[in-house]
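For ligands, and for the atoms within them, numbers begin at 1 and follow the listed sequence.
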Amino acid sequence: MRCLSHPLLRRLLSLSPQHVPGRWSPSEAGVLSPNQLSLRQSCSAGPGLLTATDTVNYWQKVFEINGIPEARESSQYIVSFVLGAKTFQSLNSKSLHTPLTAMQQEQIQQLSNRRLERMPVQYVLGEWDFQDLTLKMKPPVFIPRPETEDLVSLVVEEESQKCAHSGPCFPVPVPHPVILEVGCGSGAIALSLLCKLPQSQVIAMDKEEAAVDLTRENAHRLQLQERIHIIHQDVSHSSAKQLLLWGPIDVIVSNPPYVFHEDMASLDAEILCYEDLGALDGGDDGMRVIKTILALAPSLLKDSGSVFLEVDPRHPDMVEHWLQAHPNLPLTLRAIHKDFCGKPRFLHIQKQSR
Ligand SMILES: C[S@@+](CC[C@H](N)C(=O)[O-])C[C@H]1O[C@@H](n2cnc3c(N)ncnc32)[C@H](O)[C@@H]1O
């Protein structure tokens, strides 16, 4: 299983400002050519014969010299990918010590050149794992982050518990919710939910054509297209009519753009140069899309239906105050959940029952 579980690699795409001095441009950086290092110096399989281990070490050095973050992990992911494996650790001893073919070396060089231009490794490989799924990745569609896997788990837990306590699922407790995802990106959340909740239906919407196209492609690759309705639309107060075509909704889930506008400039170069900034920029208070979702939720949700949101750690208090200032919205903040770094990251908001 390939994942961003390594803390350094997580940092590669962290949404927290990293104090990058300005916008990075490959042309300004004066990239050192790999030829400036002697690859042949470190051949362990004999003169001119390069193994996977030699190649990982070589590209790690090239990345380090050129100031590419997470040099070793980047090099390992690229070499493993070309050898048909997800991680370097999963390569067996034979694969590690067999000399690479000229074609494999050429492919590694091409992919590594993209990494030298600060392209995120997920775009370089063209695929990445989210929960148990391997998803196609294409710039500039947002790359799913590891913390978002916990957002999916919260929805699955809530639906499974609800089902265990209610009659219609008896005697087999299988939840069958209608779920709306606002801002589906590559389809990571929507498709994971369809897998984990095999009786669910998901409406996945995104304002970007590239995102809905990628969600559709990933749904087909995973053969999940029968239970997903993909809508190309900007969420707004007037979205309710179209979204209610599938009936009242049990759960709204979203990892919306939530970065405060003033923090955008200090994101990593990988993000600023390659990802759609509209997927990240939440406006002055990071709450532009969050507020739209909350304003829309009461008219879409069934009684006691839920909204699950991934947010910035400053947002739980802000959302609570915003809900207090909007008593006309029958919504209650039920729970705040922390991410794997201990930061308040996920909100569970519930529609009050009449
Ligand atoms: C942070 S990304 C999340 C993508 C995906 N759900 C994930 O977690 O990997 C936010 C997504 O919301 C979409 N988005 C932003 N504003 C939107 C709006 N007003 N209406 C619909 N989608 C929007 C962006 O295009 C982007 O795909």
Provide, to 0.1 Å, the distance between atom 20 (N) of ligand 1 and the closest protein heavy atom, together with that atom's residue and name.
-> Val235 N, 2.8 Å

Proximal atoms of ligand 1 relative to Gly278 (non-hydrogen, under 4.0 Å) | 15 (C)

Hey, is Gln233 one of the residues with a heavy atom under 4.0 angstrom from ligand 1?
-> yes

Proximity winner for atom 16 (N) of ligand 1, if only heavy atoms of Met205, Glu181, Glu147, Lys207 are counted | Lys207

Heavy-atom contacts with Ile189 under 4.0 Å: which atoms of ligand 1 show up? List them by number with element.
-> 6 (N), 8 (O)

CA sep, side-chain torsions, deciding dist, call: Lys338, Asp150, salt bridge (Lys or Arg N to Asp or Glu O under 4.0 Å) | CA-CA 9 Å; Lys338 293 187 173 159; Asp150 290 345; over 6 Å; no

Protein heavy atom at shortest distance from atom 15 (C) of ligand 1 | Pro257 CG, 3.4 Å

Closest to atom 19 (N) of ligand 1 among protein heavy atoms sits Asp234 OD1, 2.7 Å

Indicate yes or no: at least one non-hydrogen side-chain atom of Leu300 is less than 4.5 angstrom from one of Ile252.
-> yes

Please confirm whether Ser186 comes under 4.0 Å of ligand 1, counting heavy atoms of the residue only.
-> no

Do Pro144 and Ser186 have side-chain heavy atoms sitting under 4.5 Å apart?
-> yes

Top protein contact for atom 3 (C) of ligand 1, by heavy-atom distance | Asn255 O, 3.2 Å

The answer for which part of Ser236 has a heavy atom under 4.0 Å from ligand 1 is neither

Got a sec, which residues hit side chain to side chain donor-acceptor pair (under 3.5 Å) with Arg334, two or more places apart in sequence or on another chain?
-> Gln350

min-distance protein heavy atom vs atom 1 (C) of ligand 1 -> Ala279 O, 3.0 Å

Partner of Lys138 under salt bridge (charged side-chain N to carboxylate O under 4.0 Å, His left out), chosen from Glu208, Glu217, Glu127 = Glu217

Shortest non-hydrogen contact from Thr51 toward His97 = CG2-O, 3.4 Å

Thr148 heavy atoms, cut-off 4.0 Å: which ligand 1 atoms fall inside?
-> 8 (O)

Have a look at ligand 1 and work out which part of Asp206, if any, has a heavy atom under 4.0 Å from it: side chain, backbone, both or neither.
-> both

Should one rank Pro140, Gly185, Gly183 by closest heavy-atom distance to atom 6 (N) of ligand 1, which comes out on top?
-> Gly183

Using 30° and 60° as the class limits, which term best fits the ring planes of Trp128 and Tyr77: parallel, tilted or perpendicular?
-> perpendicular

side-chain hydrogen bond (donor to acceptor under 3.5 Å, both in side chains) between Arg114 and Tyr274: does it pass, once the steps are laid out?
-> CA-CA 11 Å; Arg114 288 186 209 147; Tyr274 289 95; over 6 Å; no

Among Phe346, Trp322, Phe260, which one satisfies ring pair (Phe, Tyr, Trp, His ring centres under 6.0 Å) with His315?
-> Phe260

